[in-house]
Structure formats: structure tokens, C-alpha cells
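Quick notes on the structure that follows.
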Amino acid sequence: MRDLGIGSWPARRVKNGADRPALVYGDRVDTYADVERRTRQLANALRAAGVRRGDRVAYVGFNHPSLLETFFATAQLGAIWVIINARLAPAEVEYILTDSGASVVVHGAEHAEHAARLAHLAGVRWIAVDGAAAAASGAPGGAPGTAAAAPGAVGFEEFLAAGGTDVIDEPVGWDDPAMIMYTSGTTGRPKGATHTHGSLSFQYFTALVDTDFVRDEVMLAVAPLFHVAGLNTMTMPTFLKGGKVIIQHGFSPTSVLETIEAERVTSMFAVPAMMDALALDPAFAGTDLSSLRNVLVGGSPLPDRMLRTWADRGVAVQQGFGMTETAPGIYLLLNEDAFRKSGSAGRPHFWVEGRVVGPDGRDVAPGEIGEVVAQGPNVMRGYWNKPEATAEAIRDGWYHTGDLATVDEDGYVYIKDRLKDMFISGGENVYPAEVENALLDIPGVAEAAVIGVAHPKWGEVGHAYVVLAEGAALLTPDDVVAALEGRLARYKIPKDVVFVDQLPRTATGKLQKHLIRTRLEESA
Ligand code: ATP
Ligand code: MG
């Protein structure tokens with residue numbers, strides 16, 4: 001075994017702890033030995049299907065062991081894994097398959113219709129994770145409609161079983177590309193961040209250094225594994241450490257709470273919207289949460305309300321900040337600071353330089369706002385096929401995040417909002433995330449989004465879109481505005497409050513402000 005690639009992990013793991021449970025999915029428990037055997041077979045099968053070093057193998061599906069198996073097997077061949085957001089429509093998946101030039105696509109049970117609709121793509125081989133045929137016929141849990149699997153599609157288990165058992169001897173180095181992961185598409189079309197075995201490995205090392213991971217970790221992988229934080233902050237590091245990863249296909253608050261108690265889950269990554277949904281579940285108050293040691297939350301602003309609710313249950317929420325381009329770790333609030341500095345995203349990770357700089361490129365003074373820029377071995381190599389976008393994002397060796405933050409006297413960072421979403425009202429900067437946070441503190445408000453819109457007198461003013469909580473006392477827009485008075489400066493208070501049934505969000509619950517603008521604002 002000469003290689004440093006991620007594909008070598010299963011074989012390395014079985015040297016010490018072969019029979020330990022690695023991946024748990026419902027009743028299925030795969031030990032490290034199982035993962036090693038299956039990924040080796042899958043790698044052989046992919047090679048027999050013509051996959052060579054540098055080729056792209058895509059996966060589109062919700063959380064499932066086959067997602068990680070495909071990653072390891074692809075990596076063993078020195079090929080590049082393209083991981084696709086399972087919530088994308090067929091046309092969006094087509095864009096990614098074409099952009100990345102994938103020759104094999106493994107798809108989950110719900111994606112038979114995608115495969116059928118994209119069957120025209122030349123030179124693409126489709127592999128259906130078992131259950132896909134049932135999904136295609138409209139069986140429970142499957143996609144509705146009458147889609148058939150792509151012509152010539154082969155079942156995943158059948159494909160894997162036909163693979164030989166040779167040890168793959170393809171040396172992979174840290175500079176070799178391992179993965180193309182597309183950004184969430186919160187602000188527009190997703191971009192393919194290309195990571196190497198080295199940039200990913202350093203993300204995993206960094207996570208192990210800064211989080212209290214032990215070998216007996218029981219990690220709940222319920223956030224989407226097709227997003228950077230769901231995959232890289234805890235799931236992969238737990239595997240590297242030899243712990244147990246419990247994979248949940250989709251997010252059901254009841255099932256998460258049951259699993260935490262029954263399996264004595266020690267660590268979990270979640271996005272704020274999931275944390276909110278868990279806290280709202282009737283079973284929350286009665287669930288034993290005492291096993292949770294590492295609860296990492298990030299991906300979008302963390303409302304104070306959510307932090308308070310979990311702190312009341314004794315759970316120290318560690319805020320993480322980062323993005324697909326940085327694999328994602330830039331900042332982390334360590335466990336020991338979680339209560340003391342609640343609301344902060346902490347300080348830079350072990351190997352990462354994270355600075356908050358003003359327009360002159362100098363570090364801001366405490367309390368001043370600037371853009372987060374980062375440097376470190378976990379930064380992507382670049383965007384796939386997009387040299388101009390890469391050159392714009394990585395300047396003078398620093399990755400420019402497009403996110404705004406402040407730093408306190410002790411060096412702890414507070415994320416404000418995206419530069420793109422900030423607006424200027426009467427000459428003053430308004431950070432919509434701050435206004436949304438205040439709106440969420442109003443009893444009866446379940447969700448809130450604020451955007452800046454042009455105004456003849458003030459330049460721009462805020463418009464708020466609010467979803468009321470079910471069964472909450474009836475509020476009027478004026479009540480909402482009145483509740484903000486005294487709490488927020490006048491110029492930050494939205495000039496218009498509109499109640500809506502739902503807000504456009506990404507798979508991880510991020511507010512898609514551009515869609516709020518086009519769908520809600522323009523029709524208002
Ligand atoms: P796209 O780049 O396609 O518009 P995206 O930026 O949402 O989508 P991701 O890479 O998944 O794609 O998300 C990274 C972004 O998520 C960050 O740039 C930041 O805006 C936001 N984010 C991450 N962590 C936090 C956090 N702790 N608090 C606030 N925002 C966060
Ligand atoms: Mg982004």
C-alpha cells in the first residue's frame with residue numbers, strides 16, 4: 001500500500017479493528033472489513049466498466065452506504081468522484097454531468113426518473129442502487145410517476161458483485177483530484193469545487209484535531225452527505241478514527257431523537273433548520289440527550305433562539321463556519337467555548353489562516369466588519385472548468401469567502417451575512433441575517449427572510465417575508481414592526497412585512513434570496 005489516497009482508508013482500517021461496525025443503515029451493519037471488501041469489488045467493477053485514473057464517477061442520491069462506497073472505490077482508482085445534490089431537478093443534474101464529463105453515474109432509489117430522463121446523455125453508464133426499480137414503479141418512498149430506469153441501467157449490488165477481488169494498486173498522491181462537489185447554489189448556479197486527496201485529508205485531520213473525537217464515536221449522519229459539511233466535518237473523520245457512522249436516509253426529527261437516545265449518539269452535524277425542527281418535535285423534551293458531546297452546526301446563520309433552546313437542554317452547540325470551496329473548515333467554536341462564546345463561529349481551525357479584512361486588505365479592528373478570507377491546505381484546487389471564477393475567488397493566495405464578519409477583543413469571529421445580501425439604507429449598512437434573527441425572536445414567527453429593495457428616498461429598504469408558526473396567536477404586519485422597535489435601529493426595521501406560507505430554501509435549509517426576489521418580490 002503505497003498511496004496516501006482516501007481510497008486506501010478501508011484497507012488501512014481493517015489492519016486494526018476489522019470487525020468494528022463502520023456504517024450502520026437501518027438494520028444493516030457493515031464492519032470495516034465489509035467496507036473494505038465491498039469497495040474493493042466496486043473499484044474492480046468500475047475498472048472493468050472502463051473507469052481510469054482522472055475519469056469522473058458521479059453519485060446522485062440521498063444518504064446511503066453506497067454513497068460512501070462509491071467515493072472510496074472511485075478514489076482507489078485515482079478517478080474523481082462527482083457528488084450531486086439529490087434535490088436537483090433532472091435538467092440541473094444534466095448540467096453537472098455535462099460540466100464534469102462523468103462517464104458513470106450511480107443513482108439512488110429516488111432517482112430512477114432522473115436516469116430515465118437523462119438516458120440520452122452519450123457515453124454515460126447508469127447504475128441503480130437497489131430499490132430504484134421499485135421507486136420507478138411508484139412504490140412507497142419512490143418517485144411518483146411512471147418513470148422507468150434508464151435503458152441498460154444495472155443494479156448496484158449486481159454490478160458490485162461482478163467486480164473482481166483484486167487489490168487495486170493505483171498509487172494516489174495528495175495532489176491528485178479526489179472530488180468535485182458543487183456548491184449549494186444558494187446564490188445562483190452551483191460551481192464545481194475541485195478538491196484533492198490532500199485538501200480533503202487536511203479537512204479531516206483538522207476536524208480530528210479540533211473536535212473531541214474518540215475511537216468509540218457514534219456519529220449520526222443525517223445532514224445530506226452530498227453537502228460539504230454533512231460529508232466532511234464529522235462523517236469522514238469518524239470513519240478515519242474507526243468509529244461508527246449511523247446513516248439516515250432523510251431527515252425525520254422523530255427518528256433522529258429516537259436514534260440519539262437508543263444508540264447513545266455522541267456526535268452529529270446539523271444545519272440550523274434541522275436543529276429548529278428537532279426542538280419543535282413533541283419528543284424533544286423527553287429525549288435523553290446526555291450522550292451528545294459534539295454537536296456541530298453551521299451552513300447558515302444560527303438564530304439566538306435555537307442556541308438558547310439547546311443550551312437549556314445542556315447541549316453545547318459548536319458553531320462551524322466554512323464552505324464547499326474550503327472543504328469546509330475555516331472557523332470552529334471549540335466545545336469548551338460553546339456556552340461562553342455562544343453565537344460566535346470561534347477561531348480558525350488548526351491548519352487554517354482565517355482573517356477578517358477591510359477593503360484595504362488589512363485586518364479589521366475589533367467590532368468592525370470585514371470579509372473573511374482564508375488560506376490553508378483544505379482550500380480547493382479551483383472550480384472545475386472555470387478558471388476565471390477560480391481566479392476571482394482565490395486572489396494573492398487567499399480564498400475570498402464573500403461572507404462578512406466581525407472579530408471580538410479575544411479574536412472570536414461572528415459571522416454577519418453574505419456581502420451579496422447586505423444592503424444600504426439611508427447610508428447605513430443593513431445585514432439581513434441580523435434582522436432575521438430579531439424577527440425569529442418574536443413569538444409566533446416561525447421563519448423570516450429579509451431582502452433589500454430599491455427605494456426613492458433611502459436608496460434601499462428592507463422587505464421582510466415571514467412564515468407564522470402554526471397555531472400561533474394572529475399577528476399583523478404592524479405587530480411585527482412594533483416588536484422590532486426599540487430592539488433594532490430604525491433603518492434596519494423592514495418597511496414592508498409580508499406573510500407567506502413558505503420560503504424558498506436549499507436542501508440544507510438555506511434561504512435562497514435570489515428566488516425570494518424573483519418569485520415573491522416581483523409578484524408582490
Ligand atoms: P453558492 O456558493 O452556490 O451560492 P453556498 O455558498 O450556500 O452556495 P455552500 O458552500 O454549501 O454553498 O455554503 C457556504 C456558505 O454558507 C458560506 O459562504 C456562508 O454564506 C454560509 N455559512 C456557512 N456557515 C455559516 C455560519 N456558521 N453562519 C452563517 N453562514 C454560514
Ligand atoms: Mg458559496
Side-chain angles (χ1 to χ4, degrees), residues 6-7 9-10 21-32 34-39 41-43 45-46 57-75 81-88 93 96 102 104-115 126-136 139-143 149-150 153-161 163 179 181-182 218-232 234-236 238-239 244-252 255-256 259 263 265 268-270 274 507-508:
I6 292 160
W9 286 13
L23 306 179
V24 177
Y25 182 74
D27 294 337
R28 172 178 162 187
V29 181
D30 287 13
T31 63
Y32 279 92
D34 293 329
V35 178
E36 189 282 322
R37 180 180 36 81
R38 286 175 57 84
T39 57
Q41 276 184 289
L42 182 57
L46 288 169
V57 174
Y59 189 96
V60 53
F62 293 99
N63 292 359
H64 189 268
S66 59
L67 181 149
L68 295 172
E69 288 170 342
T70 306
F71 184 18
F72 286 127
T74 303
W81 187 54
V82 180
I83 176 69
I84 304 179
N85 180 342
R87 296 239 316 235
L88 297 183
V93 172
I96 290 179
V104 175
V105 184
V106 179
H107 72 84
E110 290 89 348
H111 293 80
E113 188 175 345
H114 282 63
W126 295 87
I127 298 164
V129 173
D130 299 73
V154 50
F156 185 80
E157 291 302 325
E158 189 191 330
F159 180 77
L160 181 147
M179 169 177 94
M181 180 182 267
Y182 286 74
V218 180
M219 192 261 152
L220 186 62
V222 61
L225 291 170
F226 54 77
H227 278 315
V228 69
L231 181 73
N232 283 347
M234 291 192 151
T235 306
M236 293 295 284
T238 299
F239 190 100
K244 177 158 88 177
V245 176
I246 301 176
I247 300 174
Q248 294 206 331
H249 194 63
F251 174 59
S252 142
S255 151
V256 168
T259 308
E263 301 284 336
V265 168
M268 171 172 85
F269 168 80
M274 292 168 72
T508 49

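Any value given below was found using the heavy atoms of this structure, including those in side chains, with hydrogens, waters and symmetry copies removed. Values in this document were obtained by computation on a predicted structure and should not be read as measured data.
The pair Glu110-Arg87 does not meet the salt-bridge criterion, since no charged nitrogen lies less than 4.0 angstrom from a carboxylate oxygen.
You'll find the side chain of Ile83 reaches within 4.5 Å of the side chain of Leu67, heavy atoms only. Val129 has its side chain out of reach of Glu157: every pair of non-hydrogen atoms, C-beta onward, lies at least 4.5 Å apart. Annotation: side chain of Val265 is not in contact with side chain of Met219 (no heavy-atom distance under 4.5 Å). Using a 4.5 Å cut-off on side-chain heavy atoms (C-beta onward), Ile246 and Thr259 make contact. By the 4.5 Å heavy-atom criterion applied to side chains, Phe156 and Val106 are counted as neighbours. Using a 4.5 Å cut-off on side-chain heavy atoms (C-beta onward), Thr70 and Leu42 make contact. Under the 4.5 Å side-chain criterion, counting only non-hydrogen atoms from C-beta, His107 is not in contact with Ile127. Side-chain contact check for Pro21 versus Val29: some heavy-atom pair is nearer than 4.5 Å.
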*Applying side-chain contact (heavy atoms from CB on, under 4.5 Å), run through Leu231 and Met179 and close with a yes or a no.*
CA-CA 12 Å; Leu231 181 73; Met179 169 177 94; 4.0 Å; yes
*Which is it for Val57 and Val82 under the side-chain contact (heavy atoms from CB on, under 4.5 Å) test, yes or no, and what are the steps along the way?*
CA-CA 6 Å; Val57 174; Val82 180; over 6 Å; no
*Stepwise side-chain contact (heavy atoms from CB on, under 4.5 Å) check, Ile6 with Met236*: CA-CA 10 Å; Ile6 292 160; Met236 293 295 284; 3.8 Å; yes
_Checking Leu220 against Phe269 for the side-chain contact (heavy atoms from CB on, under 4.5 Å) test, could you report, in this order, the C-alpha distance in whole Å, the side-chain angles of both residues, the deciding distance, and whether it holds?_
CA-CA 8 Å; Leu220 186 62; Phe269 168 80; over 6 Å; no
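Formation of a donor-acceptor pair under 3.5 Å by the Asp30 side chain with backbone atoms of Val35 is not found in this model. A donor-acceptor pair is defined here as one N or O able to donate and one able to accept, closer than 3.5 Å; no such pair exists between the side chain of His249 and the backbone of His64. Side chain of Asn63 to main chain of Leu225: a donor-acceptor pair is present (N/O by atom type, distance under 3.5 Å, no hydrogens or angles). At distances below 3.5 Å, at least one donor-acceptor pair connects side-chain atoms of Thr39 with backbone N or O atoms of Glu36.
Considering every non-hydrogen atom in both Gly250 and Val222, the closest pair reads O-CG2, 3.8 Å. When all heavy atoms of Val245 and Ala221 are compared, the pair lying nearest together is CG1-CB, 3.9 Å. Of all heavy-atom pairs spanning Gly7 and Ala75, the tightest one is N-CB, 3.4 Å. Contact detail for Ala507 and His227: the closest heavy-atom pair is CB-NE2, 3.9 Å.
His111 contributes atom NE2, which lies 9.0 Å from atom CD1 of Ile84 (distance to the nearest 0.5 angstrom). The CG atom of Leu160 sits 5.0 Å away from the CD atom of Gln41 when rounded to the nearest 0.5 Å. How far CD of Glu69 is from OG1 of Thr74: 11.0 Å, rounded to the nearest 0.5 Å. Expressed to the nearest 0.5 Å, how far CG of Leu23 lies from CD1 of Ile247 amounts to 4.5 Å.
Between Phe72 and Phe239, the ring planes are tilted. Angles from 30° to 60° get that label.
With Phe71 as the fixed residue, the ring pair (Phe, Tyr, Trp, His ring centres under 6.0 Å) test singles out one of Trp9, Tyr59, Trp81: Trp81.
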